[in-house]
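As structure tokens, the structure follows; a few thoughts come after it.
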Amino acid sequence: MDLFEQSRQEEILKDVHLLRGFALPDQNHILADLSAVMMAAPLRQMITPGGLPMSVTTSNCGALGWVSDKNGYRYAARDPKTGTPWPAMPSSFRQLAEQAANTAGFGYFNSDACLINCYRPGAKMGLHQDKDEQDFTQPIVSVSLGIPAMFQMGGFARGDKTLKLPLYHGDVLVWGGESRLRFHGVMPLKPANHPALGECRINLTFRKGG
Ligand code: SIN
Ligand code: FE2
């Protein structure tokens, strides 16, 4: 690894690694695979357990998909919209997630779920913990594509102060270990346009759900 690459990879908090531009080398492949997945399992607005529509639109690929409805949050093997299994996780996705986890020092990542969230300008994600998974020893790999967003990494209580990180097309954030249950979220997106994805930010969240 040369000095330039090193400077693009930073442990910003214990067990939280920011890999700038990590998805760029294989982006054409990833974007083509993403578009095929979204054809098979179209983005839709999920409803929170409280009955409110989320501001992002959502899909999944992999053996399990994260879903939300009036009964709560959970992982499900089938797309509730079509009743069929979620599209398989493309090998470009799997490789990216494994390589990012390994680069961040998590040598054992075996993701079975890729959540796809689309943020249009104004969409956001409130502070939350990822805790619908069975195994918190597995890290989370989060890939940003399209227009920029301001990500917030918080502490272990909702009210803790947050670190604000701008995330750009191709950036990958990996967290696990001591930081696995940190609160995190995304501030409302500002209007912008990306040459490949238009007025949209796609976030791929790789996790081991089951
Ligand atoms: C999430 O944690 O659900 C979203 C993360 C992101 O969009 O960057
Ligand atoms: Fe999350």
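Every number for a ligand or one of its atoms is a count from 1 in the order of the listing.
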Would you say [X] and ligand 1 have an N/O pair spaced under 3.5 Å apart?
X	answer
H184	yes
Y119	yes
D130	no

Atoms in ligand 1 flagged as close to [X], the criterion being non-hydrogen separation under 4.0 Å:
X	value
H128	1 (C), 2 (O), 3 (O)
V186	6 (C), 7 (O), 8 (O)
F151	5 (C), 8 (O)

**Asked** Going from CE on M153 to OG1 on T162, what distance comes out if it is rounded to the nearest 0.5 angstrom?
**Response**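 The OG1 atom of T162 is 10.5 Å from CE of M153, to the nearest 0.5 Å.
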**Message:** Please determine whether a side-chain nitrogen of the Lys or Arg among D79 and R44 lies less than 4.0 Å from a carboxylate oxygen of the Asp or Glu.
**Reply:**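 Salt bridge between D79 and R44, a charged N being under 4.0 Å from a carboxylate O: yes.
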**Message:** Which residue is it: E133, Q129, Q138? I am looking for the one with a side-chain hydrogen bond (donor to acceptor under 3.5 Å, both in side chains) to R180.
**Reply:**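 Passing option: E133.
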**Request:** Would you tell me which option among R201, Q152, M54, M153 has the nearest heavy-atom contact to atom 8 (O) of ligand 1?
**Result:**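 Looking at heavy atoms only, R201 sits closest to atom 8 (O) of ligand 1.
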**Request:** Only one of M125, K164, K124 passes side-chain contact (heavy atoms from CB on, under 4.5 Å) with M187; say which it is.
**Result:**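 The option that passes is K164.
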**Asked** Hey, which N, O or S atom on D130 ends up closest to the Fe ion (ligand 2)?
**Response**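 Nearest N/O/S atom: OD1.
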**Message:** Rounded to the nearest 10°, what angle sits at the Fe ion (ligand 2) between NE2 of H128 and NE2 of H184?
**Reply:**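 Vertex the Fe ion (ligand 2), arms to NE2 of H128 and NE2 of H184: 90°.
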**Request:** List the closest protein heavy-atom neighbour of atom 5 (C) of ligand 1: residue, atom name, distance to the nearest 0.1 Å.
**Result:**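 Its nearest protein heavy-atom neighbour is N203 OD1, 3.7 Å.
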**Asked** Should the ring pair F93 and F206 be called parallel, tilted or perpendicular, given that the plane angle runs from 0 to 90° and is split at 30 and 60?
**Response**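 Because their plane-to-plane angle is over 60°, the rings of F93 and F206 count as perpendicular.
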